[in-house]
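Proteins get letters first, then strands, A, B, ... in listed order; numbering begins at 1 in each.
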2 protein chains.
Amino acid sequence: MPPPGSPPSSLPPLTWLRAFEASARHLSFTRAAAELNLTQSAISQHVRSLENFLGRELFIRKTRALELSEAGANYMPIVREAFDLIAAGTQAFTGGDQGRHLVLQCNMAFSVFWLSPRLPRLYARFPWLVLNIVTPIWDPERHASSAGTEIRFGRPNDMSAAAVRLTRDRFYPVCAPGYQGGAVDFSTATLLDCAGVTGSWGAWFKSQNRPFDRNHEISLASTYVIAMTAAVNGAGISMSHDTLAGGLLESGQLVRASDHSAEQLESYFLMPPPSHASTPASRAFLEWLEGELPPV
Amino acid sequence: MPPPGSPPSSLPPLTWLRAFEASARHLSFTRAAAELNLTQSAISQHVRSLENFLGRELFIRKTRALELSEAGANYMPIVREAFDLIAAGTQAFTGGDQGRHLVLQCNMAFSVFWLSPRLPRLYARFPWLVLNIVTPIWDPERHASSAGTEIRFGRPNDMSAAAVRLTRDRFYPVCAPGYQGGAVDFSTATLLDCAGVTGSWGAWFKSQNRPFDRNHEISLASTYVIAMTAAVNGAGISMSHDTLAGGLLESGQLVRASDHSAEQLESYFLMPPPSHASTPASRAFLEWLEGELPPV
DNA sequence: CGCTATGCATTAAGGAAACTAATGCACAGG
DNA sequence: CCTGTGCATTAGTTTCCTTAATGCATAGCG
């Protein structure tokens, strides 16, 4: 049995994937073999093994040509992207100018709503910086031990002692300016909630001792990105907070649907890299980040 | 010499990466070995090999504990993300509900400015859909042969015959409403350009026979995401077009800096999956896409 | 302050898995 | 109809991993 924080035990042997990726690119086992410095036989076996593993045919073997099957066509871009990622990441090492590269790990919402609008300022200040933003698939279990420079969203208790609090938010409902003709009615509006976060509709109503019995009617989004873009587009009212919604409120794309707010238990934290892991790039980024955020 | 559309020849053996990833997660070669059903000896050798390959130490070997080095801490999230991607993608196959998954390949700008605001509508219509958006690192060379459902930006001549044109745009300059106090002066403004695209400042001036000699003063962004967010934040004037800027113009975050526009030679194309690769998910998406876009 | 236990590095020899080479088969193209 | 191309398959060989033993450094403990 795998230990916790565990292995993707469902991960197929990577050599099989490599064989598949090259074959899909060339649409030829023979050429893939040439590329990987293997024999056609080896590729054929690898691909067959992978197909057995997945329980699906990846290629349609025509007499003198290969074609990707439905499954293969869907699998290819994922494998491709993964290899591209590794290739690009590896390049940063073998390519020499190591100090300029910064790998930043943060979630999708932060990346889209907070970081992205501020990137031009970052680049204006440090034009030499090469930023590699990685937004991991969210799984707190698997991301217990951090690496690189990381910005994490969560409750203080879940953070290590070294984590630096970046934000302190209160949460409140937001919607598009014209939603419900400007006169918001919570009893009829579409309420958008975000999974796994304390800033929920239930908590918000409770914080002001208002009755609330529409639990069953809440639309759940998996991330703030979905919930908030839905709100911007007039699809409903989403819970949000300053860090994420600040820009959209300022620009008028969103307005607050109520003056009442409650304390959001989650905050954004910077997991600082160990001092020995400091590079020109990480130092530059941290310096910029400090100036960008108000003290908490 | 590698063939064109070529191998990431710089890619290290993937078993080494696997050993590194597990070791970094556990901060222990011994536990990593246990997880991978290998021996401590093998892990030690693999990691050492990878370090030799990269020319950098990935771990700091303390007497009874491992620690990630600077290089290791930067490398880890990349490798991690790549494996997560594969694991998630593989899950879609082995997990059974294949038909609900759609892997969509499109570039960053389209994903952020066009797709993302419309996602709530897509989900509202097909709540069962599980979308996996892959935004590949842009390298036209390597993406010559496509796979899965893909939306590609480029010139008609570079597309295969089967490609379906989704958009037809004219390009024009855009900026924040208050930029330069509302009275735009192209001779003093910061001009933002996007690399590798025909909709450039040079082309725009030329299209109206206006003199233009500031080539050397153009700020170049690598993608529209950077150029346009910079513009939204009042950093300058960016070239853009309806498909990407439509939402931002409507919401007032951007305004056109000039009435003049010129034809953008690039368009967005849908590379339709071969008919045999059609799934409930891909059919749903294509149906929705058709309704979402005006006919071109 | 030693003693012991833990964890990484290294080596050599046996064995399992992976790759090669050789061959078979199917069918496009001339 | 013949030939060349490309994938599948099997038997043989190489490579790589395991096993096992050993060294080393030091954290934790009595």
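- The aromatic ring centres of A/Phe59 and A/Phe29 sit less than 6.0 Å apart.
- Listed by chain and number, the residues in a side-chain contact (heavy atoms from CB on, under 4.5 Å) with A/Phe126 are A/Leu122, A/Trp128, A/Leu129, A/Ala284, A/Glu287, A/Trp288 (sequence neighbours excluded).
- The distance from atom CG of A/Leu58 to atom P of D/dC7 is 15 Å, rounded to the nearest whole Å.
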Checklist line | Nucleic acid footprint by protein, nucleotides 11-30 of chain C - heavy-atom cut-off 4.0 Å, B for base, S for sugar-phosphate alone | finding: B-------SBB-----SS--
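- An end-to-end axis angle of 30° holds for the helix from C/dC1-D/dG30 to C/dG30-D/dC1, taken from five base pairs per end and rounded to 10°.
- In this structure, B/Glu57 places its CD atom 13 Å from C1' of C/dC8, rounding to the nearest Å.
- When the P atom of D/dT26 is taken as reference, atom CG of B/Leu66 falls 15 Å away, rounded to whole Å.
- Aromatic rings from A/Phe269 and A/Phe153 are positioned such that their centres are separated by 6.0 Å or more.
- The CG-P distance, from B/Leu50 to C/dA9, rounds to 13 Å in whole Å.
- Atom-to-atom, NE2 of B/His26 to P of C/dT6 comes out at 19 Å; the value is rounded to the nearest Å.
- Rounded to whole Å, atom C1' of C/dT10 lies 13 Å from atom CZ of B/Arg61.
- What separates CZ of B/Arg31 from P of C/dG7 is a distance of 7 Å, to the nearest Å.
- When atom types are taken as modelled, the side chain of A/Ser28 and the backbone of A/Thr30 share a donor-acceptor pair closer than 3.5 angstrom.
- For the pair B/Phe29 CZ and C/dT6 C1', the computed distance is 15 Å after rounding to whole Å.
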